[in-house]
Amino acid sequence: FVLTNAQTLKAAGYNGDAMNDLAAQPAAEQTFVLNHGQTLEAAGYSGYVMNRLAAQPATERTFVVTHGQTLEAAGYNGDAMNGLAAQPAAEQTFVVTHGQTLEAAGYNGYVMNRLAAQPAAERTFVLTHGQTLKAAGYDGDAMNDLAAQPATERTFVLTHGQMLEAAGYNGDAMNDLAAQPVAEQTFVLTHGQTLKAAGYNGYVMNRLAAQPAAGRTFVLTHGQTLKAAGYNGDAMNDLAAQPATERTFVLTHGQTLKAAGYYGYAMNDLAAQPAAERDVV
């Protein structure tokens, strides 16, 4: 088989390993590849992925041969096309119809396949707001997740996404914040830029927002000092929950400890040790 068809397969993008694999497949699958290899290569397929497609049912193979160029233009690779070919016809139609729009919103084929399997209302949400969410730092997976969240949470993100993105949030962190109580959301919206300047990202802001008011105030007051002492946001959050004497110890000695090779978590641990042990350091 290989000696007879090697040049045809090479022209379809096959290497020797993929040819060997195909040679072990049933004759009907080999014939499919020989007939459609050039078309599939033009749609972004490699030999290995063609082999897997050849083993799928005839209806799935026909779907790919018919729509491969359209899907490739929408950001699909062969593996994602194979996956879509096994999905229900209604989901395939959704992707074929809206693939270009979704690619422009930052989707790839795998994430389109997952969106296609979500309820119609969620798909419509993404089609309507995809560009807005992309501009707010969302990728397709985070859009899919947001589409499944309650309407109030989706509205929160659409209203505040640009502000949160400017404060260092990505889509996943926005989704998490959207599910937090209003008071915590308000804290982030009010202080996000200050916290970003202190080295926080969205995930860590969300955790700080859930801490008691005294801990949040401590970070807002001393964030820049702690950042200068080598702290990141998570270590600041931890310190904010420690007793006042331990916080004072770090504020007093942070620069000295940083110069000695300490980082935030280690300073927190030291601050919790007895005074005699701290004095040794």
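When a residue number appears, it is its place in the shown sequence, counting from 1.
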Query raised in the report: Passes side-chain hydrogen bond (donor to acceptor under 3.5 Å, both in side chains), Tyr45 versus Asn82? Steps please.
Result: CA-CA 10 Å; Tyr45 271 72; Asn82 289 355; 2.6 Å; yes
Requested in this report: In sequence, state the C-alpha distance, the side-chain angles, and the governing distance for Lys134 and Asp139, and then conclude on salt bridge (Lys or Arg N to Asp or Glu O under 4.0 Å).
Outcome: CA-CA 6 Å; Lys134 180 184 179 184; Asp139 63 15; over 6 Å; no
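Looking at Asn268 and Tyr263, their side chains never bring a donor and an acceptor atom within 3.5 Å of each other.
Between the CZ atom of Arg278 and the CD atom of Gln273 there is a distance of 8.5 Å, given to the nearest 0.5 Å. If you take CE on Met112 and NE2 on His98, they are separated by 11.5 Å, rounding to the nearest 0.5 Å.
One N or O on the side chain of Gln30 and one on the backbone of Leu22 form a donor-acceptor pair closer than 3.5 Å. Checked by atom type and distance alone, the side chain of Glu41 never pairs as donor or acceptor with a backbone atom of Ser46 at under 3.5 Å. When atom types are taken as modelled, the side chain of Gln224 and the backbone of Thr194 share no donor-acceptor pair closer than 3.5 angstrom. Between the side chain of Arg247 and the backbone N or O of Gln242, at least one donor-acceptor pair lies under 3.5 Å. At distances below 3.5 Å, at least one donor-acceptor pair connects side-chain atoms of Asn15 with backbone N or O atoms of Ala18.
The only member of Asp145, Asp172, Asn144, Asn175 that meets side-chain hydrogen bond (donor to acceptor under 3.5 Å, both in side chains) when paired with Tyr138 is Asn175. Tested against Thr217, the residues Val219, Leu220, Thr221 include a single side-chain contact (heavy atoms from CB on, under 4.5 Å) partner, Thr221.
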